[in-house]
Number of protein chains: 2
Amino acid sequence: MNLQQLRFICAVVRQNFNASAAADSLYTSQPGVSKQIQLLEDEINVALFVRKGKRITGMTPAGEQIFTFAQRIVGDIENIRKVGQEFSQGDCGEFVIATTHTQARYSLPRAIKTFTERYPGVQLRLRQGNPTQIAEMLAAGEADVAIATESLNSYAGLVALPCYQWNRAVITPTGHPLLQSQPLTMEAVAAYPIVTYDQAFAGRSLIDKTFADHGLSPNIVLSAIDSDVIKAYVELGLGIGIVAKMAYDPARDIRLEVIDASHLFEPSIAYLALRQGTYLRGYLYTFIELYAPHLDRSTVDKALDSTGASRALLPLPFSS
Amino acid sequence: MNLQQLRFICAVVRQNFNASAAADSLYTSQPGVSKQIQLLEDEINVALFVRKGKRITGMTPAGEQIFTFAQRIVGDIENIRKVGQEFSQGDCGEFVIATTHTQARYSLPRAIKTFTERYPGVQLRLRQGNPTQIAEMLAAGEADVAIATESLNSYAGLVALPCYQWNRAVITPTGHPLLQSQPLTMEAVAAYPIVTYDQAFAGRSLIDKTFADHGLSPNIVLSAIDSDVIKAYVELGLGIGIVAKMAYDPARDIRLEVIDASHLFEPSIAYLALRQGTYLRGYLYTFIELYAPHLDRSTVDKALDSTGASRALLPLPFSS
DNA sequence: ACGATTTACGACAATCGTAACGATC
DNA sequence: GATCGTTACGATTGTCGTAAATCGT
């Protein structure tokens with residue numbers, strides 16, 4: 001048995017039981033992958049994969065059990081590498097944040113600016129995607145942290161930490177009639193065509209739910225994945241926008257006006273997610289605390305090696 | 001990086017930083033061990049061991065961190081092997097119980113008899129030792145379970161499950177004057193020379209504490225590690241014995257008489273310990289349930305992957 | 001001076017990639 | 001017929017053990 005064999009198993013599973021794709025993802029030849037897997041199966045005397053003729057279609061029960069261990073092993077190998085870097089290179093390395101446009105554009109810049117100043121040696125990379133992609137990147141080890149509002153807690157093996165609450169605002173072109181209706185009501189909002197986030201983004205599901213709870217069927221004329229696109233179309237007069245309040249910048253958005261909608265929609269919580277059982281480089285703790293000051297090192301550590309049950313025990317983040 | 005290197009690290013640590021002993025324990029040459037460790041140190045760019053000249057004396061901080069991961073990896077490798085055996089060989093394999101004489105002689109036989117009948121293919125081995133040795137055997141992977149009354153919970157990485165309560169009895173030669181003093185008191189017991197368990201065995205510490213709490217200084221003329229030796233010396237008239245009640249067998253011990261001492265000493269609890277994070281063969285669950293019926297599979301699983309905090313949540317065992 | 005670790009070197013084994021083959025959809 | 005997995009084989013690499021050198025107690 002050797003590490004390569006375990007890596008191959010994990011890759012084949014991750015690539016939906018496609019050995020060729022697994023070989024590509026590990027920059028090696030496909031026959032090598034097949035052979036090593038067979039060698040391992042011979043050694044432990046159990047078939048790991050279900051084969052239909054020559055095609056791999058799934059896992060045996062034994063394979064599933066072994067896969068969980070193999071996963072943890074390759075994760076630990078990665079951890080060992082990180083410890084090595086931490087002690088040899090100190091504050092150098094690569095740091096990949098998987099996040100959504102909204103977070104990247106509006107909530108992260110301040111923390112990232114301070115971070116890059118403090119750690120000039122750390123190569124910072126932002127990878128954008130929808131919440132599902134983000135969770136997959138994190139789970140696959142392609143990112144060190146994931147930051148988003150939704151669907152980070154559904155993935156097994158990930159731990160989501162609440163970072164901050166945020167509220168929504170309605171944006172309109174200047175001089176829009178909605179600006180007169182104070183206080184703002186759901187009914188008033190629903191009377192106009194709406195531009196807002198795409199499904200599965202930035203709490204869109206909560207927006208839908210709130211309208212539904214009021215018995216309203218809003219006319220969503222356009223949905224987009226990022227606030228800037230939404231703002232652009234609102235400026236064009238396509239409709240009013242519902243966006244994260246933090247996305248409105250009075251200095252820049254001179255052709256838009258904003259109406260606070262905190263009282264209409266429940267606040268959403270942005271989460272920062274980590275893989276369970278990963279070794280965190282020192283600068284990662286610093287970054288997390290810069291981004292969400294209540295998440296200090298010991299809090300993160302506690303959440304990280306708990307089996308997820310303690311998520312509810314985490315301190316509630318401040319409201320903003 | 002490869003598995004052998006990680007095995008070597010674990011062995012060197014376990015052998016108190018003696019590379020030669022580590023090599024022996026893994027049936028390989030010592031230069032190979034040194035070389036592989038150096039290669040790994042080069043690869044991750046960090047010294048793992050502190051060397052005084054050419055002698056290995058300890059670990060660096062990085063080494064300690066890496067060691068914990070290496071340990072888990074080699075454990076998981078073992079787990080994978082076990083899964084393989086479980087599915088390929090079914091009810092075959094080796095099963096090592098590390099335990100004390102008292103447990104082996106008096107509490108285990110019934111469960112073991114049923115077990116061996118049900119699993120004729122399983123090679124059962126009993127390894128005796130004092131509680132510390134037992135815990136070490138288990139931690140080192142030389143045993144699958146450990147069963148003892150004391151000091152199994154002190155070891156990190158082990159999970160101790162309460163199995164049953166047991167009480168003590170005083171044994172005397174036939175016709176001993178102590179048999180007249182009913183009910184039995186601590187003072188009456190302390191009036192005679194005593195033969196009982198050795199330090200660190202079978203709740204000896206509790207016996208000492210109980211005497212001390214009564215302000216008594218008993219005359220312990222002999223201490224032994226097993227009940228049979230104690231009984232032999234009591235038969236010879238060396239003194240009265242304090243033993244586990246289950247150690248008295250009215251049919252065999254015809255030259256001895258017994259007085260229940262359950263009201264004098266708090267009951268002790270026998271624990272069954274497992275390594276955290278180990279994969280348990282199916283027959284192991286069966287054995288545990290045979291030995292302690294309240295420890296069914298799901299209870300054991302829960303205790304096994306919790307971080308130890310849930311020990312207190314386990315159901316209290318029945319009294320016997 | 002002895003025990004323990006590192007260095008050097010040679011034999012062996014394992015892995016990897018290319019190429020060809022067989023099966024499945 | 002295109003994709004996917006297995007088999008075959010040669011080149012390379014890496015690992016292991018013996019022997020010798022070096023260091024520290």
Side-chain angles (χ1 to χ4, degrees), chain A residues 1-60 62-63 66-67 70 73-74 77 80-81, chain B residues 1-60 63 66-67 70 73-74 77 80-81 84:
Chain A
M1 195 180 327
N2 59 40
L3 288 176
Q4 200 72 321
Q5 294 167 341
L6 303 178
R7 274 192 274 262
F8 288 169
I9 290 173
C10 292
V12 170
V13 175
R14 184 163 299 154
Q15 304 288 340
N16 292 308
F17 307 110
N18 182 325
S20 307
D24 290 348
S25 78
L26 292 171
Y27 307 107
T28 184
S29 70
Q30 180 274 324
V33 173
S34 290
K35 178 145 196 205
Q36 288 305 320
I37 289 178
Q38 285 172 37
L39 281 175
L40 181 57
E41 288 181 324
D42 287 353
E43 181 179 342
I44 62 179
N45 236 325
V46 160
L48 300 177
F49 293 101
V50 177
R51 293 167 173 81
K52 245 192 139 121
K54 280 196 172 180
R55 208 144 296 202
I56 295 174
T57 57
M59 300 211 90
T60 63
I66 286 173
F67 170 60
I73 288 172
V74 296
I77 294 292
I80 288 178
R81 289 232 153 76
Chain B
M1 193 178 328
N2 59 40
L3 289 177
Q4 201 71 319
Q5 294 167 342
L6 302 178
R7 281 193 208 106
F8 289 169
I9 289 173
C10 292
V12 169
V13 174
R14 184 163 299 152
Q15 304 288 340
N16 291 310
F17 307 110
N18 181 326
S20 306
D24 290 348
S25 78
L26 291 171
Y27 307 106
T28 184
S29 71
Q30 180 275 325
V33 173
S34 288
K35 179 148 193 198
Q36 290 303 321
I37 290 178
Q38 284 172 37
L39 280 174
L40 181 57
E41 288 181 324
D42 286 353
E43 182 179 343
I44 61 180
N45 235 328
V46 161
L48 301 177
F49 293 101
V50 177
R51 293 167 173 80
K52 243 190 140 121
K54 278 195 172 180
R55 206 140 302 197
I56 296 174
T57 58
M59 299 210 90
T60 62
I66 287 173
F67 170 61
I73 289 172
V74 296
I77 294 292
I80 288 178
R81 289 231 152 77

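In this text, all values refer to a predicted model and were calculated from it rather than measured experimentally. Chain naming here is simple, since letters A, B, ... match the order of the sequence lines and numbering starts at 1 in each.
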Quiz item: Please give, in whole Å, the distance from C:dA14 P to B:Leu3 CG?
Solution: 15 Å

Quiz item: Between A:Gln5 (CD) and C:dC16 (C1'), how many Å, whole number?
Solution: 13 Å

Quiz item: For DNA chain D, which nucleotides open and close the run of contacts to chain A, 5' to 3', at under 4.0 angstrom from a non-hydrogen atom?
Solution: D:dT3 to D:dT7

Quiz item: Taking the side chain from A:Gln30 and the backbone from A:Ala23, do they hold a donor-acceptor pair closer than 3.5 Å?
Solution: no

Quiz item: Checking A:Glu41 side chain against A:Leu48 main chain: does a donor-acceptor pair fall under 3.5 Å?
Solution: yes

Quiz item: Start at the 5' end of DNA chain D and walk down; is the nucleotide closest to B:Asn2 or to B:Lys54 reached first?
Solution: B:Asn2

Practice problem: Answer whether the closest heavy-atom distance between the side chains of A:Leu39 and A:Lys35 falls below 4.5 Å. | Solution: yes

Quiz item: Are any of the side-chain heavy atoms of A:Ile77 and B:Leu6 separated by less than 4.5 Å?
Solution: yes

Quiz prompt | A:Gln4: partners by side-chain contact (heavy atoms from CB on, under 4.5 Å), with sequence neighbours left out | solution = A:Asn2, A:Arg7, A:Phe8

Quiz item: Could a donor-acceptor pair under 3.5 angstrom be found where the side chain of A:Arg55 meets the base of C:dT24?
Solution: yes

What are the two closest non-hydrogen atoms of [X] and [Y], and how far apart are they?
X: A:Ala70; Y: B:Ile80; answer: N-CD1, 4.2 Å
X: A:Met1; Y: A:Glu43; answer: N-OE1, 2.7 Å
X: A:Val46; Y: A:Ala62; answer: CG1-CB, 3.3 Å
X: B:Val33; Y: B:Ala19; answer: CG1-O, 4.5 Å
X: A:Ile66; Y: B:Gly84; answer: CD1-N, 4.4 Å
X: A:Ile56; Y: A:Arg51; answer: CG1-CG, 4.2 Å

Exercise. Just report the end-to-end axis angle for the helix from C:dA1-D:dT25 to C:dA20-D:dT6, five pairs per end, to 10 degrees.
Key: 40°

Quiz prompt | Residues within residues 36-45 of chain A bordering DNA chain C, heavy-atom distance below 4.0 Å | solution = A:Gln36, A:Leu39

Quiz item: For C:dA23, does either OP1 or OP2 sit under 4.0 Å from a side-chain N or O belonging to A:Arg51?
Solution: no

Self-check item: Any pair counted as side chain to side chain donor-acceptor pair (under 3.5 Å), so long as it reaches residues 9-29 of chain B, sequence neighbours left out
Solution: none

Practice problem: Kindly state which residues belonging to residues 11-32 of chain B come within less than 4.0 angstrom of DNA chain D, counting heavy atoms of the residue only, listed by number. | Solution: B:Thr28, B:Ser29, B:Pro31

Exercise. Rounded to the nearest 0.5 Å, what's the gap from CZ on B:Phe17 to CZ on B:Arg55? Could you check?
Key: 15.0 Å

